[in-house]
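No hydrogens, no waters, no symmetry mates; every other heavy atom, side chains included, goes into these values.
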Amino acid sequence: MDTNIQKYLSFVKTVEYGSFTRAAEILNYSQSGISRMIADLEKEWKVVLLERSKGGVKLTSDGLTLLPYAKSLVAEYEKLQMQVDELNGLQSGLIRIGTFSSVATHWLQNIIKRFNKDYPNIDYELMLGDYSEIEEWILEGRVDCGFLRLPTHPELETIFLEQDQLMAIIPENHPLADCDKFPVTALSEEPFMVLEKGVKAEVMEILGKYNFTPKVHFTTWDDYAIMAMVESGLGISILPQLILKRVPYKIIAKELDVPAYRRIGFALRSKKNASLAVKRFLEYLQYR
């Protein structure tokens, strides 16, 4: 990679992650190497780009002015590299993927394992977040593509993958443990555990149809924390079926008497303008 492009990329990634250390990890450089390249830019341009502190880094006013141009240069370089890859075949590359926990846990290893068999020299950068974060990362170009809930932002191109059923989660000794399907009306009768990120919208939509206000006693973004609380008898919850595979907790998952689902899809800004690596990756989504 051209030395100047390396410097611009170091600047852009350090701003994105707010840390020399994190940028170094992503770009496979040393922390001192990243710091030195940005210092070189500052010397060449005769400006201070970043304010350094123990808490990380942040843009100066000059840095804020120049950042969009650096991003543009990096983006154009990536387009150039994409065309080179097209001409030479898929011998190397990087795929940056946004994903949420259940897909990361139960799908991605199968997809990447199969893809690696055919394209062993491709590297990956995985970013774990919720639906809205992943959507934003794709739109900003921070990741190339991502798994999220459909529908999503209209500017994104999407591929529908699967309809994931939402299940009532109860402890093994629950009075309704033997019921065929869990009644939605019972969700408002005892302490409720809310998954703050990921499926909160689905849960509240279900309860909203029946004008229920759950007794929310615990809120978290961690699926497994929810399961642990339910196992301990602290309440009940609703979770997607996908995350309930191979769980170590003594809980019972019940279909709701009014079925509810989340639609999982794969999104990117443009299939046409995607890198060759991403285009090939799309062909392997079926192996989840």
Side-chain angles (χ1 to χ4, degrees), residues 1-82 84-85 91-101 103-104 108 112 116 121-148 197 221 267-269 273-278 281:
M1 186 185 297
D2 181 86
T3 302
N4 282 328
I5 292 295
Q6 290 178 328
K7 294 176 183 177
Y8 304 150
L9 187 57
S10 297
F11 173 43
V12 169
K13 289 299 180 183
T14 299
V15 173
E16 281 186 7
Y17 293 101
S19 163
F20 290 123
T21 302
R22 184 72 179 120
E25 291 173 356
I26 295 299
L27 297 175
N28 292 317
Y29 291 119
S30 66
Q31 180 180 337
S32 60
I34 295 291
S35 180
R36 184 176 62 254
M37 283 190 280
I38 295 176
D40 287 345
L41 277 182
E42 292 177 319
K43 184 177 180 180
E44 291 170 18
W45 293 346
K46 297 181 174 61
V47 297
V48 177
L49 297 172
L50 301 173
E51 292 180 4
R52 289 113 167 132
S53 69
K54 291 182 179 179
V57 298
K58 64 179 181 178
L59 283 167
T60 63
S61 57
D62 287 339
L64 185 62
T65 299
L66 296 174
L67 179 63
Y69 299 99
K71 281 186 174 181
S72 179
L73 285 167
V74 169
E76 289 303 315
Y77 175 81
E78 289 175 346
K79 289 180 183 178
L80 171 63
Q81 194 60 52
M82 182 177 71
V84 173
D85 290 342
Q91 299 301 316
S92 63
L94 171 69
I95 304 176
R96 302 170 300 165
I97 306 170
T99 183
F100 50 92
S101 60
V103 165
L108 265 177
I112 291 177
N116 268 353
N121 297 319
I122 300 299
D123 296 323
Y124 307 88
E125 178 185 331
L126 303 182
M127 292 184 61
L128 195 66
D130 63 38
Y131 307 138
S132 58
E133 287 174 329
I134 295 166
E135 179 183 279
E136 184 178 346
W137 294 338
I138 299 172
L139 289 168
E140 291 179 346
R142 193 168 179 182
V143 298
D144 302 305
C145 50
F147 297 87
L148 35 66
K197 293 188 178 183
W221 59 268
L268 65 168
R269 282 175 294 176
N273 296 325
S275 69
L276 180 59
V278 172
F281 188 80

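The side-chain hydrogen bond (donor to acceptor under 3.5 Å, both in side chains) contacts involving residues 46-57 comprise Glu42-Arg52, where partners must be two or more places apart or lie in separate chains. Contacts classified as side-chain hydrogen bond (donor to acceptor under 3.5 Å, both in side chains) and involving residues 137-147 (residues at least two apart or in different chains) are given here: Arg96-Asp144. Residue pairs satisfying the salt bridge (Lys or Arg N to Asp or Glu O under 4.0 Å) criterion with at least one member in residues 22-32, sequence neighbours excluded, are listed as follows: Arg22-Glu25.
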List the steps and the verdict of side chain to side chain contact (heavy atoms under 4.5 Å, CB included) for Ile122 and Leu94. CA-CA 6 Å; Ile122 300 299; Leu94 171 69; over 6 Å; no
Start with the C-alpha distance between Gln31 and Ile34, add both sets of side-chain angles, then the distance that settles side chain to side chain contact (heavy atoms under 4.5 Å, CB included), and finish with yes or no. CA-CA 5 Å; Gln31 180 180 337; Ile34 295 291; 5.9 Å; no
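Every residue two or more places apart in sequence or in another chain was checked for a ring-ring contact (aromatic ring centres under 6.0 Å, His included) with Phe20, and none qualifies. By the ring-ring contact (aromatic ring centres under 6.0 Å, His included) test, Phe11 pairs with no residue at all, sequence neighbours left out. Annotation: side chain to side chain donor-acceptor pair (under 3.5 Å) contacts of Asp62 (sequence neighbours excluded): none.
Panel note: side chain Ser72, backbone Pro68; no donor-acceptor pair is recorded below 3.5 Å. Between the side chain of Thr60 and the backbone N or O of Val48, at least one donor-acceptor pair lies under 3.5 Å. A donor-acceptor contact shorter than 3.5 Å links the side chain of Glu133 to the backbone of Asp130.
Ring planes of Trp45 and Tyr8: parallel class, angle under 30° (limits at 30 and 60°).
Asn116 and Tyr124 are linked by a side-chain donor-acceptor pair at a separation below 3.5 angstrom, with hydrogens and angles left out of the test.
A ring-centre distance under 6.0 Å is found for Phe100 and Tyr131.
Taken from OG1 in Thr14 to CG in Leu59, the straight-line distance is 10.0 Å, to the nearest 0.5 Å. Between the CD atom in Glu76 and the CD1 atom in Ile5 there is a gap of 10.0 Å [rounded to 0.5 Å]. Atom NZ of residue Lys13 and atom OH of residue Tyr29 lie 12.5 Å apart, to the nearest 0.5 angstrom. To the nearest 0.5 Å, the span separating OG on Ser275 from CZ on Phe281 amounts to 11.0 Å. Interatomic distance, Ser10 OG to Ile26 CD1, rounded to the nearest 0.5 Å: 12.5 Å. Summarising the geometry, atom NZ belonging to Lys7 is positioned 11.5 Å from atom CD1 belonging to Ile38; distances are rounded to the nearest 0.5 Å.
Residues Leu9 and Tyr77 fail the side-chain proximity criterion, which asks for heavy atoms closer than 4.5 Å. Considering only heavy atoms from C-beta on, Cys145 comes within 4.5 Å of Ile95 through its side chain. For the pair Glu44/Asn4, a side-chain contact is recorded, criterion being any heavy-atom separation below 4.5 Å from C-beta on. Side-chain contact between Leu148 and Ile138: present, with at least one pair of heavy atoms (C-beta onward) separated by less than 4.5 Å. Using a 4.5 Å heavy-atom threshold, the side chains of Val143 and Ile97 count as separate.
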